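What you see is a predicted model, and the numbers here were worked out from it, not measured in a lab.
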Amino acid sequence: MTGWRTIFSAALAAGVLAGCASGPSRAPVEDRTATPRNGAASPAAAASAPATAEAPAKPLPGAENAGKPGYYTVRPGDVLGRIALESGQNWRDIARWNNIDNPNVIEVGQVLRVAAPGAEVAATRPVAPAAPGVVKPQDGKPAAPSAAPGAASAPAGAVATPVAPTAPAPSRDADDELTWAWPAGGPVASPFEEGRTKGLGIAGRAGDPVLAAADGRVVYAGSGLRGYGNLVIIKHNATYLTAYAHNQLLLVKEDQAVRRGQRIAEMGATESDRVQLHFEVRRQGKPVDPARVLPTR
């Protein structure tokens with residue numbers, strides 16, 4: 001009896017196991033992150049995937065003014081002092097016009113105003129030519145140019161003699177009216193060459209006096225402009241500034257008013273292979289030949 005029960009229990013257990021094996025299989029788990037056959041990611045995958053697209057770069061200050069007159073785009077290696085020299089401005093003014101708190105921090109690609117507000121508009125505004133006098137047409141006849149004031153009318157039948165127009169006298173900028181003096185007493189060691197040099201090289205000995213070439217105000221005194229050594233820059237008016245480089249000692253400070261002939265530095269050889277004064281005259285930022293403005297020796 002006991003053996004029969006054992007056999008029956010074994011048979012029952014075998015039947016139960018066979019029924020479980022032949023029942024419906026469990027549905028596989030759906031991979032919602034898998035890529036469909038058409039290559040498009042599923043909505044679930046797109047939602048769970050990390051964002052890889054970078055946010056658009058924030059435009060640099062003044063980018064909307066790039067290329068406009070009176071503006072300058074910062075390039076690698078630029079410093080505010082050199083930008084001011086090249087534009088004929090005081091670096092403090094450029095910093096103020098562009099709301100720059102730290103003049104040592106400017107970014108490549110940043111666009112700076114380098115002309116006084118409104119100055120770039122006045123400089124580029126076209127001047128309309130004066131229109132000749134015109135007689136009002138009457139009875140449908142074409143208008144004829146009126147005679148110049150004070151001109152005598154030619155008699156009937158006379159042949160008119162053409163008169164060459166008188167060229168207007170060139171206007172002279174009031175800022176050109178400066179009294180200049182040589183900044184050092186030594187001979188010219190290297191002359192100005194258009195497109196090759198930016199100024200004169202004046203020879204001398206270490207410690208020789210360097211003098212202000214005209215009245216003005218010091219807008220830079222330091223050694224932050226590579227290639228110039230110890231440098232003084234004087235702004236004389238809205239048009240002219242002068243630069244005095246390679247000094248061994250500076251005797252003036254920024255924002256100091258100076259007079260023509262005043263001693264502003266001692267000649268030296270900082271960032272130069274010999275003792276000399278490198279002297280520049282810049283008209284609206286562009287180097288011009290100092291010999292054109294300095295008195296004849």
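Applying the side-chain contact (heavy atoms from CB on, under 4.5 Å) criterion to Ile106, with sequence neighbours excluded, gives Val74, Ile83, Ile100, Gln110. Annotation: side-chain contact (heavy atoms from CB on, under 4.5 Å) contacts of Asn99 (sequence neighbours excluded): none. Among residues two or more places apart in sequence or in another chain, the ring pair (Phe, Tyr, Trp, His ring centres under 6.0 Å) test is passed with Tyr220 by none. Shown here are the salt bridge (charged side-chain N to carboxylate O under 4.0 Å, His left out) partners of Asp93, two or more places apart in sequence or in another chain: Arg96. Partners of Arg260 under the salt bridge (charged side-chain N to carboxylate O under 4.0 Å, His left out) rule, at least two apart in sequence or in another chain, do not exist in this structure. Partners of Trp182 under the ring pair (Phe, Tyr, Trp, His ring centres under 6.0 Å) rule, at least two apart in sequence or in another chain, do not exist in this structure. Under the salt bridge (charged side-chain N to carboxylate O under 4.0 Å, His left out) criterion, Lys198 pairs with Glu86, not counting sequence neighbours. Evaluation of the side-chain hydrogen bond (donor to acceptor under 3.5 Å, both in side chains) rule for Asp289 yields no partner, not counting sequence neighbours. With sequence neighbours excluded, no residue forms a salt bridge (charged side-chain N to carboxylate O under 4.0 Å, His left out) with Arg75.
Side-chain N/O atoms of Ser272 and His278 include no donor and acceptor closer than 3.5 Å.
No side-chain heavy atom of Ile233 sits under 4.5 Å from any side-chain heavy atom of Thr242. The closest side-chain heavy-atom distance from Ile202 to Pro183 is below 4.5 Å. Using a 4.5 Å heavy-atom threshold, the side chains of Leu112 and Leu80 count as touching. In this structure, the side chains of Met267 and Gln248 stay at 4.5 Å or more apart for every pair of heavy atoms. Counting only heavy atoms from C-beta outward, the side chains of Ile264 and Val252 approach each other to under 4.5 Å. Here the side chains of Asn230 and Leu249 are not in contact, with every heavy-atom distance at 4.5 Å or above. Looking at heavy atoms from C-beta onward, Pro287 lies in side-chain contact with Phe192 at the 4.5 angstrom threshold.
Between Tyr244 and Phe279, the ring planes are tilted. Angles from 30° to 60° get that label.
Criterion: ILVMFWY side-chain heavy atoms under 4.5 Å apart, direct or through other members. Under it, Val281 and Leu200 are part of a common hydrophobic cluster. Put simply, Val210 and Leu225 are part of two different groups of oily side chains (I, L, V, M, F, W, Y) that touch within less than 4.5 Å, one to the next. Side-chain heavy atoms closer than 4.5 Å link hydrophobic residues (I, L, V, M, F, W, Y) into clusters, and following such links, possibly through other members, connects Val188 to Val293. Hydrophobic clustering (side-chain heavy atoms under 4.5 Å, transitive across Ile, Leu, Val, Met, Phe, Trp, Tyr) keeps Leu211 apart from Ile234. Taken together through direct or relayed side-chain contacts under 4.5 Å among Ile, Leu, Val, Met, Phe, Trp and Tyr, Leu85 and Val218 form parts of separate hydrophobic clusters.
Smallest separation of non-hydrogen atoms from Val232 and Asn247: N-ND2, 4.4 Å. The two residues Gln262 and Val258 come nearest to each other via the heavy atoms OE1-CA, 3.3 Å. Closest non-hydrogen pair, Leu250 versus Gly222, comes out as CD1-N, 3.5 Å. Ala116 and Gln89 get closest at one heavy-atom pair: N-NE2, 4.5 Å. Between Leu178 and His236, the shortest heavy-atom contact is CD1-CB, 3.9 Å. Of all heavy-atom pairs between Lys235 and Asn90, the closest is CD-N, 4.4 Å.
Between the side chain of Asp208 and the backbone N or O of Arg205 there is at least one donor-acceptor pair closer than 3.5 Å. Without hydrogens or angle criteria, Asn237 side chain to Tyr240 main chain gives a donor-acceptor distance under 3.5 Å.
In this structure, Trp97 has its ring center no closer than 6.0 Å to that of Tyr71.
In this structure, OG1 on Thr270 lies 7.0 Å from NE2 on His246, to the nearest 0.5 angstrom. Here the straight-line distance linking atom CZ of Arg274 with atom OG of Ser190 works out to 6.0 Å at 0.5 Å rounding.
Grouping Ile, Leu, Val, Met, Phe, Trp and Tyr residues whose side-chain heavy atoms lie under 4.5 Å apart, directly or via other members, leaves Leu60 alone, with no other cluster members. Through ILVMFWY side-chain contacts below 4.5 Å, Val105 is grouped with nothing and stands alone.
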Point to revise | Glu280/Tyr228 under side chain to side chain contact (heavy atoms under 4.5 Å, CB included): CA gap, chis, key distance, verdict | key: CA-CA 11 Å; Glu280 296 182 11; Tyr228 284 90; 2.9 Å; yes
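A 6.0 Å sphere centred on CZ of Arg292 holds no more than 12 heavy atoms belonging to other residues, nucleotides or ligands.
Judged as a salt bridge (charged side-chain N to carboxylate O under 4.0 Å, His left out), the pairs with a partner in residues 213-233 (not counting sequence neighbours) are, in order, Asp215-Arg259, Arg217-Asp255.
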